[in-house]
Colleague: 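Got a structure for you, written out below as structure tokens; questions coming shortly.
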Amino acid sequence: MSHYDTKRWWPHESRFEIVVGAILVQRTRWENVEKVIEAMRSRGVLTPSAISTLDVLELERMVRPTGFFRQKSRRIQRLAHHIHLYHKGDVTCFLKRPYQELASDLERMDGIGPETRDAILLYAAGHPVMIADTYAIRLCDRLGLLDPVTPHAIKNHLMQHLPTTPQTCRRAHAAIVEHCKKRCCAVPRCSGCPLLDMCEHGATK
DNA sequence: CTCCGGGTAG
DNA sequence: CTACCCGGAG
């Protein structure tokens, strides 16, 4: 798990790219996100100001491979417009504010729920936050770690048991995603799983 | 063909 | 709970 690093986990060339990617990746495979990001890059629109003035139909065409293209394109454009309007189009300016201020700012945005908010807080803004995504929820559920498996409970649980630096949060998140992709997927591959002896789901199979 | 993926809003 | 939506795997 120590060979994970942010660049590898969330490849990017700018902070804005992380923010856009966080919305694009919702219910979507990362490979499709990369295609869209690459299309945007070659079109030269990977800045808040460029996105906010872009024809929404053109944005839709680029976003299409990640699904939910009408929603996502508009949500990205609104976010870009917000940064363009209130932060001079400077993403760093938008991100480099006190945790609470940024968090509640993100929560007001259309298309940014708890998970996307936390992903942006961790990967783009560098705040130490654990991300309770589908993977973490499924894993905790099967392990039988928490009685009510809620995102909030998972977040607290993880942050209680790990030193909460941005680095450890990223590595923990990466490790959970990797494990769930390889083993604890929708149709789990329990045989040979390193967590089998501590897993309720595996024990009953 | 069906199912699934680093969710969110109503 | 459903709608939003595409691309890939099986």
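As the structure is a computational prediction, the values presented were derived from the model and not from experiment. Numbers restart at 1 for each chain; the letters A, B, ... are given by sequence-line order, proteins then strands.
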Colleague: Are OP1 or OP2 of B/dA9 and a side-chain N or O of A/Lys72 less than 4.0 angstrom apart?
Modeller: no

Colleague: What is the separation between atom CG on A/Asp118 and atom C1' on B/dG7, rounded to the nearest whole Å?
Modeller: 12 Å

Colleague: Between B/dT8, B/dG5, C/dC4, which nucleotide gets closest to the side-chain atoms of A/Glu115?
Modeller: B/dT8

Colleague: Classify the nucleic acid contact of A/Gly113 as base, sugar-phosphate or nothing, counting any heavy atom under 4.0 Å across all strands shown.
Modeller: sugar-phosphate

Colleague: For A/Ile112, which contact category applies under a 4.0 Å heavy-atom criterion: base, sugar-phosphate, or nothing?
Modeller: sugar-phosphate

Colleague: For C/dG7 and A/Thr28 - does any side-chain N or O of the residue sit under 4.0 Å from the phosphate oxygens OP1/OP2?
Modeller: no

Colleague: On DNA chain B, nearest-nucleotide positions of A/Thr66 versus A/Gly111: which is more 5'?
Modeller: A/Thr66

Colleague: Are the side chain of A/Gln26 and the backbone of A/Gly111 linked by a donor-acceptor contact shorter than 3.5 Å?
Modeller: yes

Colleague: Looking across every strand, which nucleic acid part, if any, lies under 4.0 Å from A/Arg138 by heavy atom: base, sugar-phosphate, or nothing?
Modeller: sugar-phosphate

Colleague: Whole Å only: how far is the CG atom of A/Leu79 from the P atom of B/dA9?
Modeller: 12 Å

Colleague: A/Glu60 CD to C/dC5 C1': how many Å, rounded?
Modeller: 12 Å

Colleague: Tell me the interatomic distance from A/Asp133, atom CG, to B/dC4, atom P, rounded to whole angstroms.
Modeller: 17 Å

Colleague: Distance check needed: C/dA3 P versus A/Arg74 CZ, whole Å only.
Modeller: 20 Å

Colleague: From the list B/dA9, B/dG7, C/dG7, which nucleotide is the closest neighbour of the side chain of A/Asp110?
Modeller: B/dA9

Colleague: Heavy-atom count around A/Asp55 CG within 6.0 Å, excluding the residue itself: above 12?
Modeller: yes

Colleague: CD1 of A/Ile137 versus P of B/dG5: gap in Å, rounded?
Modeller: 12 Å

Colleague: Looking across every strand, which nucleic acid part, if any, lies under 4.0 Å from A/Phe69 by heavy atom: base, sugar-phosphate, or nothing?
Modeller: sugar-phosphate

Colleague: Any strand counts, and the cut-off is 3.5 Å on both contacts for Watson-Crick or G-U wobble. Which nucleotide pairs with B/dG10?
Modeller: C/dC1

Colleague: Would you please indicate yes or no on a ring centroid separation below 6.0 angstrom for A/Tyr123 and A/His173?
Modeller: yes

Colleague: Hey, which sits more toward the 5' end of DNA chain B by its nearest nucleotide, A/Val177 or A/Glu107?
Modeller: A/Val177

Colleague: Can you find a donor-acceptor N/O pair under 3.5 angstrom joining the side chain of A/Arg29 to the base of B/dC4?
Modeller: yes

Colleague: Is there a path from A/Ile131 to A/Tyr99 through hydrophobic residues (I, L, V, M, F, W, Y) whose side chains come within less than 4.5 Å of each other?
Modeller: yes

Colleague: How is A/Arg27 classified with respect to the nucleic acid when contacts are heavy atoms under 4.0 Å: base, sugar-phosphate, or nothing?
Modeller: base

Colleague: Without decimals, in angstroms, what is the distance between A/Lys35 NZ and B/dG5 C1'?
Modeller: 13 Å

Colleague: Rounding to an integer number of angstrom, what distance separates C/dC5 and B/dG10 when you compare their P atoms?
Modeller: 14 Å

Colleague: Name the residue from A/Lys72, A/Arg74, A/Arg75 that meets the salt bridge (charged side-chain N to carboxylate O under 4.0 Å, His left out) definition with A/Asp110.
Modeller: A/Arg75

Colleague: Applying side chain to side chain contact (heavy atoms under 4.5 Å, CB included), run through A/Leu158 and A/Thr164 and close with a yes or a no.
Modeller: CA-CA 9 Å; A/Leu158 290 172; A/Thr164 50; over 6 Å; no

Colleague: How many whole angstroms separate atom CZ of A/Arg108 from atom P of B/dA9?
Modeller: 14 Å

Colleague: Think A/Arg70 has a side-chain N or O under 4.0 angstrom from the OP1 or OP2 of B/dT8?
Modeller: no

